[in-house]
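To keep things clear, I will list the structure first and then write my remarks on it.
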Amino acid sequence: MRVRIAPSPTGDPHVGTAYIGLLNYLFAKQRGGKFVLRIEDTDRTRFVSSSEQMIFDALRWVGLQWDEGPDVGGPHGPYRQSERTEIYREYCQRLLDSGTAYRAFETAEELEVERKAQMAAKQAPKYAGPSRNYTPDQAATALEAGKPYTIRLRVPGGDKGPGIASTTFRDELRGNVTFDHNNVDDQVLMKSDGYPTYHLANVIDDHLMGITDVIRAEEWISSTPKHVLLYRAFGWDVPRFWHMPLLRNADKSKISKRKNPVSLIYYRQAGFLPEAMLNFLGLMGGGMAQPSEQEIVTKGLDTKLSDKFSLADMLQRFDFLRISLGGPVFDLVKLKWLNGEYLRGQTTEEFLEALRTTLLSDSYLREIAPLVQTRIETLAQFGDMADFFFKDDVQPSPEIFVPKKRTLDETLTFSADLLAAVEGCEWTTESIDASMRSLMTDKEWSVKEGFMLLRAILTGKSASPPLLESLVVFGKARSLDRVRRFLDMQKKAAAMASRK
RNA sequence: GGCGAUAUGGUGUAACUGGUUAACACGUCGCCCUCUCAAGGCGAAGAGUUCGGGUUCGAGCCCCGAUAUCGCUACCA
């Protein structure tokens, strides 16, 4: 048995990656299989260079070590898709040769226009460009003219032409799922920049890396028929598919950073223990069901199963067939309870160690110290000055965060803009400064007003160490979370006020 | 809109694969403990299993229909 996770290095490591990672890890280890980590860096536009290392660190932090991967090697490498472009090109050529795929010369702009027209006409947006039916001569002419092109999968059947009209695949948790080919678009396999799309690279790599079980999130169900079509076109065995329920926000939408902290970096910096995180993720979607009477006897398990369990417990009794398919809400309240449980369970030494490696680590203190040193007269004032670096929550009062010439509403609107502006920033003083200033010019806020507002949100006070440096030291994930929580809290306060 | 998936208290899950009054945990509320706050202990409220039909002696578990939610619908993954 071989399984894999395939994160994309597009930003901070995501809790969803750890979730799917845990599931894959459990699956492999329970069956004596291998757990592979593959980096899917084929999207050049979203690529973030620091991301890959953060993914490694975050997965190791929660304790999920892979058997094969870009940094540890293995017999099926390279494990980074950007290093496998030759392979994709070669296999894609086979598809071209067999007519399973074709070159499409339409530009992105043309397709966009067409898509909008289809949407306006209330039709399903689908590729219907002329390239699909080019004669070899026409295609050759376009190719020689140097027109950029993508390579698309020729989905057979239905109103598209001859061939099988639908694809059925088995999902191990749901049974057979069927898609009519009229609803399967001619997927782009190779982009015009020469990089493959997920669909192509994923299928080729999974096959070449001997992946037997594809355990991934539910969002992939709709594209699975395309993958199955590819496996068949290559004459390869189709792996087993296990689609896992999607983690959700409190409103049941797919978990997102707008509504939840999703960065593993955040959880580590905010002082969550990896055991608690792993335990919590194991709770999502079931799997740790009560043992049956037989299991209690034959495996010698406890009758009572609490919500608190370790990775070792999961290895022993996590049952994939018992996963419940409803998308679980990622509930911070329960996570915090679990984290508290683990914290209370620590010895004083362990607790100190946890503090010393996180909140009170030398590296963190070293970054804070210079910001504070020149501003205090006794060491005890360090606490007064730097408290916000160590707090989970600060609660500035309106007198502090609302500028004199502004209303509360204006200020909150601006705060939301500020969050949006700074969200996409590279987390350096220069970059934050630039985007803040451009926003302030835009919205006609003075630099002083804007900085004071953010200072209040970050620190809860009107005086603090330099704002930009503080933000950088505090970290992007936590800073953004603090602003989001501020907005949430103000929204709630407003709702309360209007109710009275 | 089309296609697909899903549906048990506010949240996460159970219910021995049809068999009493739907269980556990988190959260909420109350009481006890206590200098406070937590933790801990005890207790309470909260779902009749999305809705409507059907099969059956009997349905949360099976069948049909409806609804709702989520996902996909990109030269993103």
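FYI, side chains are in, hydrogens and waters are out, and symmetry mates aren't considered; it's all heavy atoms of this structure. Proteins get letters first, then strands, A, B, ... in listed order; numbering begins at 1 in each.
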Of B:rG2, B:rC75, B:rA15, the nucleotide closest to the side chain of A:Arg115 is B:rC75
Just compare B:rG40, B:rA5, B:rU13 and give me whichever is closest to any side-chain atom of A:Val177. B:rA5
Listed in order of residue number, which residues of residues 35-51 of chain A have a non-hydrogen atom at under 4.0 Å from RNA chain B? A:Glu40, A:Thr42, A:Asp43, A:Arg46
Of the candidates B:rC75, B:rU13, B:rA5, the side chain of A:Ile221 sits closest to B:rA5
Just checking A:Met190: base, sugar-phosphate only, or nothing, at a heavy-atom cut-off of under 4.0 Å? nothing
Would you mind reading off the distance between A:Tyr127 atom OH and B:rC75 atom P, rounded to a whole angstrom? 11 Å
Sequence-distant partners of A:Leu325, side chain to side chain contact (heavy atoms under 4.5 Å, CB included), two or more places apart: A:Leu173, A:Arg174, A:Ile323
Contacts of type ring-ring contact (aromatic ring centres under 6.0 Å, His included), residue A:Phe486, not counting sequence neighbours: A:Phe401
Pairwise side-chain hydrogen bond (donor to acceptor under 3.5 Å, both in side chains) hits with a residue in residues 10-27 of chain A, at least two apart: A:Asp12-A:Ser263
Have a look at A:Glu106 and say if it touches a base, only the backbone sugar-phosphate, or nothing, with a 4.0 Å heavy-atom cut-off. base
Parallel under 30°, tilted from 30 to 60°, perpendicular over 60°: which one fits the rings of A:Trp66 and A:Phe56? tilted
Any N/O donor-acceptor pair, A:Thr150 side-chain to B:rC75 base, under 3.5 Å: no
Expected output check: what is the dot-bracket annotation of RNA chain B, where ( ) and [ ] are pairs inside the strand (brackets for crossing ones), | is paired with another strand, and pairs are Watson-Crick or G-U under 3.5 Å? (((((((..((((.....[...)))).(((((.......))))).....(((((..]....))))))))))))....
Strictly below 4.0 Å: does A:Lys336 bring a side-chain N or O up to OP1 or OP2 of B:rU11? no
Closest approach to the side chain of A:Leu283, judged atom by atom: which nucleotide of B:rU6, B:rA77, B:rG12 is it? B:rG12
Could you give the side-chain donor-acceptor pairs of residues 140-151 of chain A under 3.5 Å, partners two or more places apart or in another chain?
| residue | atom | partner | partner atom | Å |
| --- | --- | --- | --- | --- |
| A:Thr141 | OG1 | A:Asp137 | O | 2.7 |
| A:Tyr149 | OH | A:Arg103 | NE | 3.4 |

Considering only heavy side-chain atoms of A:Val329, the closest of B:rG2, B:rU11, B:rG27 is B:rU11
Do we see a donor-acceptor contact under 3.5 Å between the side chains of A:Asp71 and A:Tyr79? no
What residues in residues 245-267 of chain A put a non-hydrogen atom under 4.0 Å from any atom of RNA chain B? A:Leu246, A:Arg248, A:Lys252, A:Ser253, A:Lys254
When the distance from CG of A:Asp319 to C1' of B:rA15 is rounded to whole Å, what number comes out? 16 Å
Can you give the donor-acceptor pairs under 3.5 Å from side chains of residues 264-277 of chain A to other protein atoms, not counting sequence neighbours?
| residue | atom | partner | partner atom | Å |
| --- | --- | --- | --- | --- |
| A:Tyr266 | OH | A:Asp481 | OD2 | 3.1 |
| A:Tyr266 | OH | A:Arg485 | NH1 | 3.3 |
| A:Tyr267 | OH | A:Pro261 | O | 2.6 |

Establish whether the base of B:rG4 is bridged to the side chain of A:Ser222 by a donor-acceptor pair shorter than 3.5 Å. no
Just jot down the side chain to side chain donor-acceptor pair (under 3.5 Å) partners of A:Lys252, sequence neighbours excluded, or say none. none
For the pair made of CG in A:Asp393 and P in B:rC37, what is the distance, rounded to whole Å? 20 Å
Per atom distances to the A:Glu219 side chain, the nearest of B:rC75, B:rG71, B:rU11 is B:rG71
Any donor-acceptor pair under 3.5 Å joining the side chain of A:Lys334 to the base of B:rA25? yes
Taking only residues two or more places apart in sequence or in another chain, which ones pass ring-ring contact (aromatic ring centres under 6.0 Å, His included) with A:Tyr195? none
Going by number, which of residues 3-16 of chain A have a non-hydrogen atom under 4.0 Å from RNA chain B? A:Ser8
Aromatic contact, A:Trp337 with A:Phe280 (centres under 6.0 Å): no
Non-neighbouring partners of A:Trp427 that pass ring-ring contact (aromatic ring centres under 6.0 Å, His included), sequence neighbours left out: none
Candidates A:Tyr91, A:Tyr231, A:Phe234, A:Trp236 - the one meeting ring pair (Phe, Tyr, Trp, His ring centres under 6.0 Å) with A:His207: A:Trp236
Sugar-phosphate only, base, or nothing, as touched by A:Phe179 at under 4.0 Å among non-hydrogen atoms: sugar-phosphate
